[in-house]
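Just the heavy atoms: all of them, side chains too, but no hydrogens, waters or symmetry mates, feed the values below.
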Number of protein chains: 2
Amino acid sequence: MSEKGLSTRHRIIKAAETLVLKHGFAGTSLDDVLRETGLTKGAFFHHFKSKAELAKAIAENYAEADMKMFVDWSAQADRLSDDPYERVMIFLKLLEEFLDGLTEAPQGCVLAAYVYASGMFEPAVREYVRGRLDWWQCLYEKKFQALIDARPPAAPVTARALAEMIASIIQGAFVLGMAFKDRELMKRQSQQFRHYLDLLFRPRAAA
Amino acid sequence: MSEKGLSTRHRIIKAAETLVLKHGFAGTSLDDVLRETGLTKGAFFHHFKSKAELAKAIAENYAEADMKMFVDWSAQADRLSDDPYERVMIFLKLLEEFLDGLTEAPQGCVLAAYVYASGMFEPAVREYVRGRLDWWQCLYEKKFQALIDARPPAAPVTARALAEMIASIIQGAFVLGMAFKDRELMKRQSQQFRHYLDLLFRPRAAA
DNA sequence: TATTTAATACCGACTAGTCTGTTTGTCAAG
DNA sequence: CTTGACAAACAGACTAGTCGGTATTAAATA
């Protein structure tokens, strides 16, 4: 993997990712990817032993970048406050800030795209996708558990259920944001979820 | 369209729907569908003029059945109560009851599957999908507007935002329910959303 | 009543093109 | 003079779609 080779590999992955989110994995031919990158069959099979390996690479590339962002926001939130409630809120606001910076409607989540064509992928890739989604949910769950431990919620909720909820909201916002080409839908959803947390956990006036 | 012809057409549509939700539209070949139904090319092209027409038929078949269910629940809820809050709650409980009856993890939403491969479809089909998602959201929006008009919410929310939220939650629950093969995830999400509505709209003890 | 006519529903071989993957070859750098 | 990075022609399987044929039914007609 020389300097140039790695960048070619990465160019293939990024071009393929965009195409896969538009046409699905099966709907994206290698020729499509090669047309997009200006490369040839020879180049592709020099870097990937099969289309299936490309699928794996796209998922890994996407998921790792995604995880890094979330880990960063989490660390930043934990640095800015000691309070579990504030930590969750800051975390979500950092996400919203990021969403605000985007100039286009969402392209979609690669993991969800794979879930919606899971039959096309090797079991190992399906497992990987499931694992990343689970990791993501666990990240949230820990935050909510700290929150619930610190303050009694105003309704009987579990950390797991809240984590599932925000994960669902984000995934759903991808689908609807794409369908309606709405750049701000996901941000509104995050805000809405913060309202819920607010009602659940913010100290009442009575206190 | 004789008796038998209609049922064959319908068999093709249903088999294709299942395959499309597993492999994506491009990942589902006509041969796959014909293998599943035990039919041949001749039969297929007797009923559909192209694969694109099948795509349209799958979407319409799915969306219409879906809409009918929701209209039924809505009518039933409106019959059972005059109170906008109760109407929404009953509606959601009817949905949860239906979900409870399912014995398998969700297969996915055809509309979302199409959104995640929108580049494969004719603009008319994309428009149709968008329209059905919008219809669905409007159904909710009306209910929430009646609710907001009847009682002031405990946080500044709009009917539109709440409609977007439940739509997102359901779509996201499809994705996660499929990924984790969790039959009950969507039901838990609906319950969670009811908790939110409860905190927003249920008369406080003070009243 | 017997027979043509027509329409629907379906079969399955065939075509033209696309798909993934292979192979052989080129070229530059170390 | 070998190795990494890529080009380009090629192979074989698979794809959507076509076409000529058959079975069945029912109406029209003689």
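Of all the residues in residues 118-128 of chain A, not one reaches under 4.0 Å from DNA chain D with any non-hydrogen atom.
Within the 4.0 angstrom heavy-atom criterion, no nucleotide atom of any strand lies near A:T37. Residue-level contact check: A:K41 touches the bases, meaning some heavy atom is under 4.0 Å from a base atom.
One interatomic measurement links the two molecules: CZ of A:F44 to C1' of C:dT22, which rounds to 14 Å at whole-angstrom precision. A:E53 places its CD atom 13 Å from the C1' atom of C:dG21, with the value rounded to the nearest Å. Atoms CD1 (B:I12) and C1' (D:dG17) sit 14 Å apart, rounded to a whole Å. In this structure, CZ of B:R35 is placed 10 Å from C1' of D:dC14, rounded to the nearest angstrom. Between the CG atom of B:L30 and the C1' atom of D:dT18 there is a distance of 13 Å, given to the nearest Å. Remark: P of C:dA9 and CZ of B:R11 are 13 Å apart, rounded to the nearest angstrom. Atom-to-atom, CZ of B:F45 to C1' of C:dA13 comes out at 15 Å; the value is rounded to the nearest Å. Atom pair A:L34:CG and D:dA7:C1' shows a separation of 11 Å (rounding to whole Å applied).
At the phosphate of C:dA9, OP1 or OP2 sits under 4.0 Å from a side-chain N or O atom of B:H46. Within the 4.0 Å cut-off from OP1 or OP2 of D:dG4, not a single side-chain nitrogen or oxygen of A:H47 is found. Considering only side-chain N and O atoms, B:T8 lies under 4.0 angstrom from the phosphate OP1 or OP2 of C:dC10.
Distance from the side chain of A:S50 is smallest to C:dG21 among C:dC19, C:dG21, C:dG12. Closest approach to the B:T40 side chain among D:dA7, C:dC11, D:dT15 is made by C:dC11 (side chain taken as heavy atoms from C-beta onward).
Ring pair A:Y128/A:F121: centre-to-centre distance not below 6.0 Å.
Mapping B:A43 and A:K49 onto DNA chain C by nearest heavy atom places B:A43 closer to the 5' end of the strand. Nearest-nucleotide positions on DNA chain C place B:L39 closer to the 5' end than the other of A:F25 and B:L39.
Checked by atom type, the side-chain pair B:Q145/B:D149 shows a donor-acceptor distance below 3.5 Å.
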- Task: Report the C-alpha separation of B:Y196 and A:Q192 in whole Å, then their side-chain angles, then the decisive distance to 0.1 Å, and conclude whether the side chain to side chain donor-acceptor pair (under 3.5 Å) test is met.
- Result: CA-CA 10 Å; B:Y196 180 37; A:Q192 199 66 220; 2.7 Å; yes

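If you run ring-ring contact (aromatic ring centres under 6.0 Å, His included) between B:F70 and each of B:F98, B:W135, B:W136, only B:W136 comes through.
Within a 6.0 Å radius of NZ in A:K22, other residues, nucleotides and ligands contribute 12 heavy atoms or fewer.
A:D32 places a side-chain N or O within donor-acceptor distance of the main-chain N or O of A:S29, the cut-off being under 3.5 Å. With hydrogens and angles disregarded, no donor-acceptor distance shorter than 3.5 Å links the side chain of B:Y114 to the backbone of B:R130.
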